[in-house]
Amino acid sequence: MISENLSLVRENIKKACSKANRNEKEVTLIAVSKTKPVEMLEEAYREGCRDFGENKVQEIMDKYEKMPGDIRWHMIGHLQRNKVKYLIGKVYLIHSVDSLRLAEEISKEACKQNVTVNILIEVNVAGEESKFGTTNEEAVELVKSIAGLPGISVKGLMTIAPYVDCPEENRQYFVKLRQLSVDIMKKNIDNISMDILSMGMTGDYQVAIEEGATYVRVGTGIFGERNYAIKAD
Ligand SMILES: *Cc1c(COP(=O)(O)O)cnc(C)c1O
């Protein structure tokens, strides 16, 4: 099942890239494996997946131990400051930084371990009550303050678009995130880049690619529906 699903998703990514006149090498598929057992991740790994997304620190730690060392782990979930230390040196990219306090904690732990941690700023572009993320207005100031911290490097923006029936409804938010990244670049802030746009999930990744996504985060479309009731933790 995973093999067929992956072929389909990769085919769709290819189509979206050619529709948007983009090189498909610009788009990286993150297999979002939260709640899924290691056996399923191994299958995806055999099918060539090297980027995996998780939203819980404990789950990343467990899977990190069990899976091959060449995987790039992406932290895509809300992150508590007291858990930052466990992730340093293990994750390739933290997508969900939405406050200076969290960034300061990452900076502190990164300096302790003498590494630089790459992060994205999570922006709640649709302004949904239920979602984490900065507002569009706050994002610029946040990037400016984080840019001055040691051991942490801003690489771009991330958003979780609303849950909708028709993916076209989310196009406006992908456009907004991309525009925001352009606006931030124009500020010429030292030590940051806006090369990464992490946007698009199972329901809307094709539209996100058309609007400039460089990472798409696909869970259900690869691993099937999640059953939170039988989750291990
Ligand atoms: C769960 C999750 C995804 C994947 O969602 P699907 O709809 O299953 O593709 C993507 N991004 C984030 C931040 C998530 O938490």
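Ligands are counted one by one from 1 in listed order, and the atoms in each one are counted from 1 as well.
Contacts classified as salt bridge (charged side-chain N to carboxylate O under 4.0 Å, His left out) and involving residues 142-152 (residues at least two apart or in different chains) are given here: E141-K144.
Y215 and H74 have perpendicular rings, their planes meeting at more than 60° on a 0 to 90° scale where under 30° would count as parallel.
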At less than 3.5 Å, what protein N or O atoms come close to the N or O atoms of ligand 1? Include the distances to 0.1 Å.
unit_1   : atom_1 : unit_2 : atom_2 : d
ligand 1 : 8 (O)  : T220   : N      : 2.8
ligand 1 : 8 (O)  : T220   : OG1    : 2.5
ligand 1 : 8 (O)  : R226   : NH1    : 2.8
ligand 1 : 8 (O)  : R226   : NH2    : 3.1
ligand 1 : 9 (O)  : T202   : N      : 3.0
ligand 1 : 9 (O)  : T202   : OG1    : 2.4
ligand 1 : 9 (O)  : G219   : N      : 2.8
ligand 1 : 11 (N) : R217   : NE     : 2.8
ligand 1 : 15 (O) : K34    : NZ     : 2.6

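A salt bridge is defined here as a Lys NZ or Arg NE, NH1 or NH2 lying under 4.0 Å from an Asp or Glu carboxylate O, and E210 with R171 meets this definition. Salt-bridge annotation for K34 and E59: absent, with no side-chain N of the basic residue lying under 4.0 Å from a carboxylate O of the acidic one. Remark: K155 does not engage D195 in a salt bridge, criterion side-chain N to carboxylate O under 4.0 Å.
Of the N and O atoms on the side chains of T159 and E122, not one donor lies less than 3.5 Å from an acceptor on the other residue.
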